[in-house]
Amino acid sequence: MKSILTPLGPKADKDTVRRHNLSLVLRAVRDEGESGEATRAGVSARVGLTRAAVSSLVEQLMESGFLTESGKTFSGQAGRPGTALKVARTGPAGLGVEINIDYVSVCVVDLAGTGRVRQTEHLDNRGAPAGEVLARAARIAARTLDSAREQELRPVGATLALPGLVSGGSVRQAPNLGWNEVPVEDLFAEALTALRPGNPVLPVASENEANLAALAELWFGGLGDVRSFLYLTGEIGVGGALVLGGELLRGAHGFAGEIGHVVVDPDGPECRCGSRGCLEQYAGQTALLRAAGIDGSGGGAGVVELERRARAGDGRAVAALTEAGRMLGRVVSGAVNLVDPDAVVLGGIYRGLMPWLSPPADEELTGRVVSGLWSPGSGRLRASSVAGDAARGAAALVVQDVLADPVAYAEP
């Protein structure tokens, strides 16, 4: 039997090894800074390099503007105290742009993952030409970049977060926006470049918004040791993403996670995707507000009103949320049986609606998950953190690239 050999990459030369080690040290300082103070000695112990090698790498990262040092830190052990190292609050950063059905949100994240600038505008993007929507987003992004420059931040790339099937720089299909085969990266980059003459062209990437919200939850949320989870985000539709072992599962073509279009009832309401009875026709924002008898034209204001009525015990609002929770639990239980995650995280509009969604969803999970691990009140079904959202995840994805190869992003 003929064996299949995996192609090997080129041999690592001296420059490649040093670039790899610069990344190791930068990421170690970033990680240590989340829990305390990083020192050369601490970084050396963490990455397995000599203190002399770490000191040389630290000096290069400081000269390039990636690290700063200050004061003295005492470890309680013998020897001279070390200086405290931190990732720089200025310099390279990431730009995230979330384009959703009724808003555009743009943020800048620094090397530590801290959100430094945020601008959000509520816009009705339904039915608008894709080029027009992307031009609006570019105008908001340009203003955000101006604010970032005032803080001496230098975004080195942008990631678009979009509610649809995203692949190869294009939105293949976004039913709620009415987009098909839209070259979003090129259109956004052209619009942004035209607004910023004389500035370097910003590289643009794109990703599904639920995937990016899930990554934000992984990197910034309150998941603790949980590294495998199913993430659902409730907006106009229902988005989904799956993280296994700390890695986002994108699927063979980048389309994994479209849980909003899992069919609950083949004879149910017609969905914008062309099918019938999809989950989002029962648990999406539009469906929820319609079932509760609330005008959905106000976007987020409708969700606020839904929560207000539910807290007041309004029967129609509570019934709408109960039915949505039941449908969510029914679909999610199948996904749990299939991939066995540690948790299911509900984000977007679902976070504030958890008191009414959770009991019926938990009941479905308890009755349908075969492992027996999903009992009511187990804590496996949880609300997302307020720290994570798609725009922040999009910006942080750029930062991950910087951390992986800081030399490529050093200021000329």
Novice: Just verifying a value: how many Å separate T68 OG1 and L85 CG, rounded to the nearest 0.5 Å?
Specialist: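 Nearest 0.5 Å value for the OG1-CG distance: 8.0 Å.
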
Novice: Quick one: closest heavy-atom pair of A394 and A161, and the distance?
Specialist: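 Reported closest heavy-atom pair: CB-CB, 4.5 Å.
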
Novice: What distance do L111 atom CG and L26 atom CG have between them, rounded to the nearest 0.5 Å?
Specialist: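 The CG atom of L26 is 6.5 Å from CG of L111, to the nearest 0.5 Å.
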
Novice: Stepwise, does the salt bridge (charged side-chain N to carboxylate O under 4.0 Å, His left out) test hold for R40 with E69?
Specialist: CA-CA 10 Å; R40 287 170 171 79; E69 66 177 343; 3.2 Å; yes

Novice: Do the side chains of R149 and D146 get close enough for a salt bridge, i.e. N-O under 4.0 angstrom?
Specialist: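 Yes, R149 and D146 are salt-bridged.
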
Novice: Between E217 and S385 (side chain of the first, backbone of the second, donor and acceptor by atom type, cut-off under 3.5 Å), is there such a pair?
Specialist: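 Here the side-chain-to-backbone pair exists.
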
Novice: With a 3.5 Å distance limit and no angle check, can you tell me whether S64 reaches the backbone of L61 through a side-chain donor-acceptor pair?
Specialist: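 Side chain of S64 to backbone of L61: no pair is present.
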
Novice: Name the residue from L244, I259, V339 that meets the side-chain contact (heavy atoms from CB on, under 4.5 Å) definition with L230.
Specialist: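 Among L244, I259, V339, the one meeting side-chain contact (heavy atoms from CB on, under 4.5 Å) with L230 is I259.
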
Novice: Do N211 side-chain atoms and A241 backbone N/O form a donor-acceptor pair below 3.5 Å?
Specialist: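 Not at all, since once roles are kept as given, no pair shorter than 3.5 Å links the two residues.
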
Novice: If you measure from CG on L202 to CZ on R196, what distance do you get to the nearest 0.5 Å?
Specialist: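 The CZ atom of R196 is 6.5 Å from CG of L202, to the nearest 0.5 Å.
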
Novice: Which heavy-atom pair separates A320 from A292 by the least distance, and what is that distance?
Specialist: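 So the minimum-distance heavy-atom pair works out to CB-N, 3.9 Å.
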
Novice: Considering all heavy atoms of both residues, which atom of R309 and which atom of A317 are nearest to each other, and what is their separation?
Specialist: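 Scanning both residues, the minimum pair turns out to be CB-CB, 3.8 Å.
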
Novice: Are the side chain of T159 and the backbone of A395 linked by a donor-acceptor contact shorter than 3.5 Å?
Specialist: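 No: the side chain of T159 does not pair with the backbone of A395.
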
Novice: Determine, for D342 against R382, whether the closest basic-nitrogen to carboxylate-oxygen distance falls under 4.0 angstrom.
Specialist: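 Between R382 and D342 there is no salt bridge, as every charged N stays at least 4.0 Å from the carboxylate O atoms.
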
Novice: Give me the atom names and distance for the closest heavy-atom approach of P183 to S170.
Specialist: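 So the two residues come closest at CA-OG, 3.4 Å.
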
Novice: If you draw the axis of the six-membered ring of F255, does the NZ or CZ of R250 fall within 45° of it and under 6.0 Å from the ring centre?
Specialist: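 Here R250 fails the 6.0 Å and 45° test against F255.
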
Novice: With no hydrogens and no angle check, do the side chains of S147 and R143 hold a donor and an acceptor under 3.5 Å apart?
Specialist: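 Side chains of S147 and R143: no pair found under 3.5 Å.
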
Novice: Near Q400 CD, under 6.0 Å, is it more than 12 heavy atoms from other residues, nucleotides or ligands?
Specialist: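 Yes, CD of Q400 has more than 12 neighbouring heavy atoms, counting only those of other groups under 6.0 Å.
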
Novice: If the threshold is 4.0 Å, N to carboxylate O, is there a salt bridge linking R351 and E307?
Specialist: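 Salt bridge: no.
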
Novice: Going from OG on S105 to CD1 on I140, what distance comes out if it is rounded to the nearest 0.5 angstrom?
Specialist: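 Going from OG on S105 over to CD1 on I140, the span is 8.5 Å.
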
Novice: I'd like to check T120 versus V106 (side-chain heavy atoms, cut-off strictly below 4.5 Å). Are they in contact?
Specialist: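 No, every pair of side-chain atoms sits at 4.5 Å or beyond.
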
Novice: Under 3.5 Å, side chain of R368 to main-chain N/O of R330, donor-acceptor pair present?
Specialist: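 Looks like no, no N/O pair under 3.5 Å.
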
Novice: Report the C-alpha distance between L381 and L365 in whole Å, list the side-chain angles of each, state the deciding distance to 0.1 Å, and finish with yes or no for side chain to side chain contact (heavy atoms under 4.5 Å, CB included).
Specialist: CA-CA 9 Å; L381 180 66; L365 284 160; 4.3 Å; yes

Novice: Could you go through V43 and R51, starting from their C-alpha distance and side-chain angles, then the distance that decides it, and tell me whether this counts as side chain to side chain contact (heavy atoms under 4.5 Å, CB included)?
Specialist: CA-CA 8 Å; V43 170; R51 292 179 68 167; over 6 Å; no

Novice: Are W374 and S371 packed together at the side-chain level, in the sense that at least one heavy-atom pair is separated by less than 4.5 angstrom?
Specialist: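 They are in side-chain contact.
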
Novice: Tell me whether D389 contacts the main-chain N or O of A391 through its side chain, where contact means a donor paired with an acceptor under 3.5 Å.
Specialist: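 Side chain of D389 to backbone of A391: a pair is present.
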
Novice: Take atom CD in E363; do more than 12 heavy atoms of anything else shown fall under 6.0 Å from it?
Specialist: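 Check fails, neighbour count at 12 or below.
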
Novice: Would you say that R276 contacts C271 through its side chain, given a criterion of any heavy-atom pair below 4.5 Å between the two side chains?
Specialist: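 A side-chain contact under 4.5 Å is absent here.
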
Novice: Hey, is the main chain of L373 close enough, under 3.5 Å, to the side chain of R380 for a donor-acceptor pair?
Specialist: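 Between the backbone of L373 and the side chain of R380 there is a qualifying donor-acceptor contact (under 3.5 Å).
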
Novice: Evaluate the side-chain proximity of V344 to Y231: yes if any heavy-atom separation is below 4.5 Å, no if none is.
Specialist: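 When only atoms from C-beta onward are counted, V344 and Y231 do not touch, as no gap falls below 4.5 Å.
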
Novice: For the residue pair S56 / R18, report whether a side-chain donor-acceptor contact shorter than 3.5 Å exists.
Specialist: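 S56 and R18 do have a side-chain donor-acceptor pair below 3.5 Å.
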
Novice: What distance separates L57 CG from R19 CZ, expressed to the nearest 0.5 Å?
Specialist: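 Rounded to the nearest 0.5 Å, the CG-CZ separation comes out at 13.5 Å.
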
Novice: Using every non-hydrogen atom in the two residues, find where G348 and E235 come nearest and quote the distance to one decimal.
Specialist: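 Nearest heavy atoms, G348 then E235: CA-OE2, 3.7 Å.
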
Novice: Heavy atoms, side chains only, cut-off 4.5 Å: are L288 and L321 in contact?
Specialist: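 Touching, per the 4.5 Å side-chain cut-off.
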
Novice: Kindly say whether P92 contributes a backbone atom to a donor-acceptor pair with the side chain of D110 at under 3.5 angstrom?
Specialist: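 Side chain of D110 to backbone of P92: no pair is present.
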
Novice: So Y103 and L123, do their side chains get closer than 4.5 Å, heavy atoms only?
Specialist: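 No, side chains not in contact.
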
Novice: R116 side chain to R89 main-chain N or O, any donor-acceptor pair under 3.5 Å?
Specialist: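 Judged by distance alone, yes, a pair lies under 3.5 Å.
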
Novice: Do R46 and D31 sit within salt-bridge range, that is, some charged N less than 4.0 Å from a carboxylate O?
Specialist: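 Judged by the 4.0 Å cut-off on N to carboxylate O distance, R46 and D31 do form a salt bridge.
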
Novice: Which atoms form the tightest heavy-atom contact between A141 and V97, and what is the distance?
Specialist: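 Scanning both residues completely, I find the closest heavy atoms to be CB-CG2, 4.4 Å.
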
Novice: Is there side-chain contact between F66 and V87, with heavy atoms separated by less than 4.5 Å?
Specialist: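 No. Closest side-chain heavy atoms not under 4.5 Å.
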
Novice: Is R316 salt-bridged to D314, going by a charged N under 4.0 Å from an acidic O?
Specialist: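 Salt bridge flag = no for D314 with R316.
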
Novice: Look up atom CG in D362 and atom CG in L357, then write down how far apart they are to the nearest 0.5 Å.
Specialist: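 So the CG of D362 and the CG of L357 are separated by 11.0 Å.
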
Novice: Please determine whether the number of non-hydrogen atoms from other residues, nucleotides or ligands lying under 6.0 Å from atom CD of E132 exceeds 12.
Specialist: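 Atom CD in E132 is packed in, count exceeds 12.
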
Novice: So, the side chain of E185 versus the backbone of S206: is there a donor-acceptor pair under 3.5 Å, distance only?
Specialist: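 Confirmed, E185 side chain pairs with S206 backbone.
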
Novice: Side chains of R172 and E181: closer than 4.5 Å at any heavy-atom pair?
Specialist: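 Contact flag for R172/E181 side chains = yes.
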
Novice: Dump the intermediate steps for side chain to side chain contact (heavy atoms under 4.5 Å, CB included) on V238 and Y282, then the final yes or no.
Specialist: CA-CA 10 Å; V238 180; Y282 300 91; over 6 Å; no

Novice: Take V369 and V336 through the side chain to side chain contact (heavy atoms under 4.5 Å, CB included) test and state the conclusion after the steps.
Specialist: CA-CA 7 Å; V369 174; V336 169; 3.8 Å; yes

